[in-house]
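If you read the sequence from its start, that first residue is 1, and numbering goes on from there. Each ligand, and each atom within it, is numbered from 1 in the order the structure gives.
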Amino acid sequence: MTMKAGKQKVEGASRDIEKPSPPSPPAAPPKFLFLQQLKEIVDQVPSTDGHNLFICRWIPVTLLRTVTAISAPVAVMILDPELDDLSSTDMTVFSIVGILNILGRLTPFATKYVIDEFKEKLQGEQATKVVEKVFDMQHGAILTTPTGEFSQILSKVFRNLDVLLPALYGDIVPMIIETFVAVIFISIGYGFIGAIQLSLFLVYTFLSYRAAKAKAERNKEFMMALFSEWGKIVSVAGSYERAHFFNNVDYEVNVASTSFEKMGAKIRAVSRGENKEAMLLQTVSLTVTAFFLGVVLAALGDEVGGLERAALAFYFFTYIGSLDVYALGISNLRTGVLEYQTFNEFVNRRSEVKDEEGAIELQVKENPAIEFENVSFKYGDKTILDNVSFKIDGGGCLGIVGSSGCGKSTIMRLLLRFYRPSNGVIKVDGVDISKVKADSLRRLFSVVTQDAALQNASIRDNIGYGRMGSSDEEVLAAAKAAELHLKESEGGGGKDGEGEENDLTLDKICGEKGAKLSGGQQQRVALARAMLKNTCIYLLDEPTTGLDGVVAKKLQNTLNGLSKNATTITITHHLEDLRSVTHILYLDNGKIVEEGAFEELMKAKGVFFDQVQARR
Ligand SMILES: Nc1ncnc2c1ncn2[C@@H]1O[C@H](COP(=O)(O)OP(=O)(O)OP(=O)(O)O)[C@@H](O)[C@H]1O
């Protein structure tokens, strides 16, 4: 590969001065957000496997509940019986009403059973959607969220359906159906009483909703505190070695116990507030509703007989009992929707680098060229890359060096399109990467980063992750290429470094984040994974970190050999490793301050030369 001198810009002459954009005012919450979110949740239901069966079971159970609830007053209204002269028809109908009322007591259990079975399916589906959303999030947002906080958010949305579905399908919708059916019958039989019942129901619903909203807002406050405090508590597990290295066990315990205390204080504050407002509002409105219905019954005209009065009283008595459960359902629904909203706020920090409309598949026939044209990038207001331009011809090998934090890895992230440059264009094989499908772009890269990011699975699975469905022979060949000698490999293997025996096999479990392997072994598994993918662009960010000298040297030879078959970018602090690369960029403060081949830079006796000398 040859670097074209004319294309290389050491310093951009016409650099855009990027001013921080003024903070935008907070967006007003959309109107009827609750209903929108509820619709979003309910809309998911029909897509769920088993939905039709659920509806088939739920409808009869709900109808039974409605029929049961209104059976007594409707029977009396239709039959108009005389208390001291009951006919055999009256007796039969009243027996049926009695049986219905006994069955009616069982409907909450039946509803729960029907919902539970369906909920499991929906939870499974929703969990999948949740994880898909996570992979659609902003790179920075996901990386900077503590694991403990993240796990809380995920578990909350999963548990959320436990509350939400029974509230909606078990308490609220059946109560609304029951009320409207009852109001129709009672209006037919007693005129104004139906209208009064409907008005009281609507007012009660409104007040319960307000109480539920206040409670949910407080719960949200609690939830946010819980997420971040829980994140701190969970991080204690990861502090084991650090705490002992620095004799800071007391400090770590204190961090966790302070978080527990803060959570406890939040719980107390939330429940105190709840008692004061929400519960008071709900209790008062229930009492007022009961009182008015009582007054209405007492005010019925003389033409309404004792049996009718008793049937109506019985109905309103049980109805008021159901109202209490209904209010609890509203409260649970409001909380459930708010939790869903909180989760959405988290995952909706979507990647800004989505595929554009009409994005094309990037297809390359041979090793592609890579080009940065006047690329600038900021994290927030902080400029990380400032007008960077370079080009690697197809099959070329570029080394990127520079002080820590100068923006080397950022170049890699921009190339993989995790972020969008604030200025400039990045091209792969001559195509602007913002115009292509991200999947087709990423398919071209084999990546090794400083963090091996291993799964808690076998070495076979970890290497095989590079190309799913690979055979053991292919996995072993990749391991060998990465200087990871497994026992199953040809010639006995099982040797590390200068021939030290190891116990590595394909079945060896790597542990959480590779904890059961040494740092160097983790790094070689990560390399083998990339080598198994074996694509036309290799991105190597400190690929020999953590390796002993002999293995590092062998591996470096292998990596140097890669450049014959791929376009390669190597980021490293080991400057001597860059002797064979075709071109080196020296970055400082987001700018290219020196560039050229190794020997050219040594002759120039600039910063690169100083760094090489300092390391000798
Ligand atoms: N997600 C992020 N949000 C905000 N700033 C970030 C983020 N990631 C990195 N940075 C900042 O961007 C700058 C460049 O980071 P980058 O990882 O590119 O450095 P680097 O040159 O690869 O460093 P090193 O050699 O230490 O790996 C650093 O100052 C870092 O603090």
Fill in: Approximate separation, where rounding is to 0.5 Å, of Gln455 CD and Cys510 SG
8.5 Å
Practice prompt. Compare Lys408, Arg413, Met412 and give the one whose heavy atom is closest to atom 21 (O) of ligand 1.
Written response: Lys408
Response to the item:
A student checking ligand 1 against Thr410 at a 4.0 Å heavy-atom cut-off should list atoms 14 (C), 15 (O), 16 (P), 18 (O)
Fill in: Proximity winner for atom 6 (C) of ligand 1, if only heavy atoms of Phe418, Tyr379, Phe377 are counted
Tyr379
Discussion item. If I apply the N/O under 3.5 Å rule, does Gly405 come out as touching ligand 1?
Written reply: yes
Discussion item. Quick one: does any side-chain atom of Lys408 pair with a main-chain N or O of Gly402 as donor and acceptor, under 3.5 Å?
Written reply: yes
Fill in: Option of least heavy-atom distance to atom 26 (O) of ligand 1 (set: Ser404, Gly402, Ser409)
Ser404
Practice prompt. Check for a donor-acceptor pair, side chain of Arg413 on one end and backbone N or O of Tyr419 on the other, with a separation under 3.5 Å.
Written response: no
Practice prompt. Identify the protein heavy atom lying closest to atom 30 (C) of ligand 1, giving its residue, its atom name and the separation to 0.1 Å.
Written response: Lys382 NZ, 4.4 Å
Fill in: Atom CG of Asn248: over 12 foreign heavy atoms under 6.0 Å
yes
Practice prompt. Please examine the side chains of Leu504 and Gln521, heavy atoms only from C-beta on, and report whether any two atoms are closer than 4.5 Å.
Written response: yes
Practice prompt. Could you list the atoms of ligand 1 found under 4.0 angstrom from a heavy atom of His573?
Written response: 25 (O)
Worksheet entry | Main-chain N/O of Ile433 paired to Arg417 side chain as donor or acceptor, under 3.5 Å | yes
Worksheet entry | Atom indices of ligand 1 within 4.0 angstrom of Gln450 heavy atoms, with elements | 27 (O)
